[in-house]
Undergrad: 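I'd like to ask some things about the structure below.
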Amino acid sequence: MEFVEQLKSKARENKKRIVLPEGLEERTLRAADIILEEDFANVILIGKPDDVLSEASRLTLNNIGKAKIVDPESHDKIDEYVDLMVEIRKKKGLTREDALMLIKKPLYLAAMMIKAGDADGEVAGADNATGDVLRPAFQYVKTMPGISVVSGAFIMILKDKEFGENGMMVFADCAVHPNPTAEELAEIAVATGRTTQSIAGFEPRIAMLSFSTKGSAKHEMVDKVVKATQLAKEKAPDLKIEGELQSDAAIIPEIGQKKAPGSDIAGKANVLVFPTLETGNIAYKLVQRMGHAEAIGPVLQGMAAPINDLSRGCSVSDIVNLVAITANQAAGTV
Ligand code: ACO
């Protein structure tokens, strides 16, 4: 697919170090083998080296020998990372003993490798729930300056090229923040607009979704989206943002013009911002499975370093694609 091939070729020019903490997980190992074969990132796998190499051999993967393999139980940076952990979380009461236990967990080790500058990005989640991947990242890598809420966007590549931007759309938040306030939803909308510009590579037309279009229903949940729309427009006057819109009014031109006459976004939206995580997560999975769309992501928006989380239902190519995005984020080429 052209979009992913472009990402890989940009990543190949910079060869960033991407840590995959689930070094014994089969799809992760298969993905690592492909990434190393295609040579677009330097792969760091976390796991006992003998176990990782014997699993690679069982799966007849020929490139895993090119990866750096870090043993979480014994490596020469344990003390350095533990000191850093205690320094970052001392106000939260983290002791050296606690940190020594945590650093042996691959997801904490990966976060600390990034924090210490020993890795440029991380992709995990094939074997771990999203919360478990995100917590170490939130606690130690933290958010970008000025960002209070991290969210997750999917780049959706649809079979039907009539929707979005020639079949490409961006959906958010589908992965992280369960019930955003209006202020947080506004921040998510702006972050998703920026992800669309930088990674998907097109100018966003953002629909703030609801079960109401332009006052057709009255409810506090609608009020939240109306307020978020207004705040998002104030935060980013350069972005095209419309709300509140129902999903049909957002993506079907005739319905958009009927329900939101005069809008230059209604019916032509290429970015959908969902009012809650529930709606975003359910929607992207239905479009992916029933609409046979490719769902690339979730791309985490607002982290201080590129850390991206997979769905546990991911395929090998989902992992390869997300590593290509992460490597580009790390290189600043998206
Ligand atoms: N953005 C930035 N920081 C955050 C966010 C956020 N969205 N959420 C929590 N944090 C911070 C907290 O402020 C806290 O920081 P501190 O410890 O320095 O004070 C730290 O992260 C840990 O917070 P907790 O309160 O321990 O964690 P919480 O219980 O809020 O959990 C989590 C956060 C794990 C992200 C939770 O909101 C969650 O589980 N979300 C749903 C994830 C999920 O299951 N997604 C669906 C699957 S993904 C998929 O299908 C692709």
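We count ligands from 1, going down the list as the structure has it; atoms in each ligand are counted the same way.
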Undergrad: Check ligand 1 against Val149 and write out every atom of the ligand that is under 4.0 Å from a heavy-atom position of the residue.
TA: 1 (N), 7 (N)
Undergrad: Scan the protein's non-hydrogen atoms and note whether one is under 4.0 Å from atom 34 (C) of ligand 1.
TA: yes
Undergrad: Under 4.0 Å, heavy atoms only, figure out whether ligand 1 is touched by the backbone of Val150, its side chain, both or neither.
TA: both
Undergrad: Are a donor atom and an acceptor atom from the side chains of Lys224 and Ser210 found within less than 3.5 Å of each other?
TA: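 The criterion, which ignores hydrogens and geometry beyond distance, is not satisfied for Ser210 and Lys224.
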Undergrad: Looking only at N/O atoms, are His177 and ligand 1 under 3.5 Å apart anywhere?
TA: yes
Undergrad: For atom 46 (C) of ligand 1, is some protein heavy-atom partner under 4.0 Å away?
TA: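 So far as the 4.0 Å threshold goes, atom 46 (C) of ligand 1 is in reach of a protein heavy atom.
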Undergrad: For the residue pair Asn321 and Glu294, confirm or rule out a side-chain donor-acceptor distance under 3.5 Å.
TA: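 Asn321 vs Glu294: donor-acceptor pair found between side chains.
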Undergrad: For Ser148, take its heavy atoms, then give the atoms of ligand 1 lying under 4.0 Å from any of them.
TA: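 Near Ser148, meaning under 4.0 Å from one of its heavy atoms, ligand 1 has 1 (N), 2 (C).
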Undergrad: Is ligand 1 under 4.0 Å from a heavy atom in the side chain of Tyr140, in the backbone, in both, or in neither?
TA: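 The answer is neither.
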Undergrad: For atom 19 (O) of ligand 1, which protein heavy atom lies nearest, and how many Å away is it?
TA: Lys92 NZ, 2.9 Å
Undergrad: Check each atom of ligand 1 against the heavy atoms of Lys285 and keep those under 4.0 Å away; list them by number with element.
TA: 50 (O)
Undergrad: For ligand 1, which atoms have a heavy atom of Arg89 less than 4.0 angstrom away?
TA: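 Atoms satisfying the 4.0 Å criterion: 16 (P), 17 (O), 18 (O).
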Undergrad: Using protein heavy atoms only, decide if any is under 4.0 Å from atom 25 (O) of ligand 1.
TA: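 Protein heavy atom within 4.0 Å of atom 25 (O) of ligand 1: absent.
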Undergrad: Ignoring hydrogens and angles, state whether a donor on the side chain of Asn128 or Glu22 is under 3.5 Å from an acceptor on the partner side chain.
TA: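 Yes, because at least one side-chain N or O of Asn128 sits under 3.5 Å from a partner of the opposite role on Glu22.
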Undergrad: May I ask you to decide whether Arg27 forms a salt bridge with Glu25, counting only side-chain N to carboxylate O separations under 4.0 Å?
TA: yes
Undergrad: Can Asn62 and Glu37 be counted as having a side-chain donor-acceptor contact under 3.5 angstrom?
TA: no
Undergrad: Quick one: do Asp264 and Arg205 make a salt bridge, cutoff under 4.0 Å?
TA: no
Undergrad: Looking at atom 7 (N) of ligand 1, tell me if a protein heavy atom falls under 4.0 Å from it.
TA: yes
Undergrad: Protein heavy atom under 4.0 angstrom of atom 42 (C) of ligand 1, is there one?
TA: yes
Undergrad: Could you tell me whether the side chains of Thr195 and Thr192 share a donor-acceptor contact shorter than 3.5 Å?
TA: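 Side chains of Thr195 and Thr192: no pair found under 3.5 Å.
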Undergrad: I need the atoms of ligand 1 closer than 4.0 Å to a non-hydrogen atom of Leu277, numbered in the order shown.
TA: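 Close to Leu277: 41 (C).
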Undergrad: Which of the atoms of ligand 1 are close to Pro178, meaning less than 4.0 Å from one of its heavy atoms?
TA: 37 (O)
Undergrad: Does the protein come close to atom 30 (O) of ligand 1 - that is, does one of its heavy atoms sit below 4.0 Å from that atom?
TA: no
Undergrad: List, one per line, each side-chain donor-acceptor pair under 3.5 Å for residues 129-142, sequence neighbours excluded.
TA:
{"unit_1": "Thr130", "atom_1": "OG1", "unit_2": "Asp309", "atom_2": "OD2", "d": "2.8"}
{"unit_1": "Lys142", "atom_1": "NZ", "unit_2": "Gln139", "atom_2": "O", "d": "3.3"}

Undergrad: So that I can tick it off, tell me whether Arg96 and Asp83 are bridged by a salt bridge, with the cut-off set at under 4.0 angstrom between side-chain N and carboxylate O.
TA: yes
Undergrad: List ligand 1 atoms under 4.0 Å from Tyr284, heavy atoms only on the residue side.
TA: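 Ligand 1 atoms under the 4.0 Å threshold to Tyr284: 50 (O), 51 (C).
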Undergrad: Can Phe171 and Phe154 be said to form a ring pair (Phe, Tyr, Trp, His ring centres under 6.0 Å), step by step?
TA: CA-CA 5 Å; Phe171 288 11; Phe154 274 92; 8.5 Å; no
Undergrad: I want to confirm something. Looking only at heavy atoms, which of Asn281, Leu134, Val176 is nearest to atom 36 (C) of ligand 1?
TA: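 Ranked by closest heavy atom to atom 36 (C) of ligand 1, first place is Val176.
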Undergrad: Any N or O on Gly131 sitting closer than 3.5 Å to an N or O of ligand 1?
TA: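 No.
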Undergrad: Which residue holds the protein heavy atom closest to atom 5 (C) of ligand 1, what is that atom called, and what is the gap in Å?
TA: Phe138 CE1, 3.3 Å
Undergrad: Could you tell me whether atom 21 (O) of ligand 1 has a protein heavy atom closer than 4.0 Å?
TA: yes
Undergrad: Looking only at the side chains, is there a donor atom on one of Ser148 and Glu184 sitting less than 3.5 Å from an acceptor on the other?
TA: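 Their side chains do not contain a donor-acceptor pair, so the 3.5 Å distance test is not met.
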Undergrad: Is ligand 1 under 4.0 Å from a heavy atom in the side chain of Glu187, in the backbone, in both, or in neither?
TA: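 For Glu187, there is no contact with ligand 1 at all, from either part.
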Undergrad: If the test is salt bridge (charged side-chain N to carboxylate O under 4.0 Å, His left out), which one of Arg12, Lys66, Lys8, Lys15 qualifies with Asp39?
TA: Lys15
Undergrad: In the protein, which heavy atom is nearest to atom 27 (O) of ligand 1, and how far is it?
TA: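 Result: Arg135 NE, 3.6 Å.
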Undergrad: Thr143 heavy atoms, cut-off 4.0 Å: which ligand 1 atoms fall inside?
TA: 2 (C)
Undergrad: Among all residues two or more places apart in sequence or in another chain, which pass the ring pair (Phe, Tyr, Trp, His ring centres under 6.0 Å) test with Tyr81?
TA: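 Partners of Tyr81 under the ring pair (Phe, Tyr, Trp, His ring centres under 6.0 Å) test: His75.
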Undergrad: To the nearest 0.1 Å, how far is atom 48 (S) of ligand 1 from its closest protein heavy atom, and which atom is that?
TA: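 That would be Thr130 OG1, 3.0 Å.
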Undergrad: State, without any angle test, whether Gln246 and Ser212 hold a side-chain donor-acceptor pair at a distance under 3.5 Å.
TA: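 On atom types as modelled, these side chains do not qualify, holding no pair under 3.5 Å.
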Undergrad: Can an N or O of Gln139 be found at a distance shorter than 3.5 Å from an N or O of ligand 1?
TA: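 For ligand 1, there is no N or O atom that lies under 3.5 Å from one belonging to Gln139.
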Undergrad: I'd like to know if Arg194 pairs up with Asp238 as an ion pair, taking the criterion as any Lys NZ or Arg NE/NH1/NH2 lying under 4.0 Å from an Asp or Glu carboxylate oxygen.
TA: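 Salt bridge present between Arg194 and Asp238.
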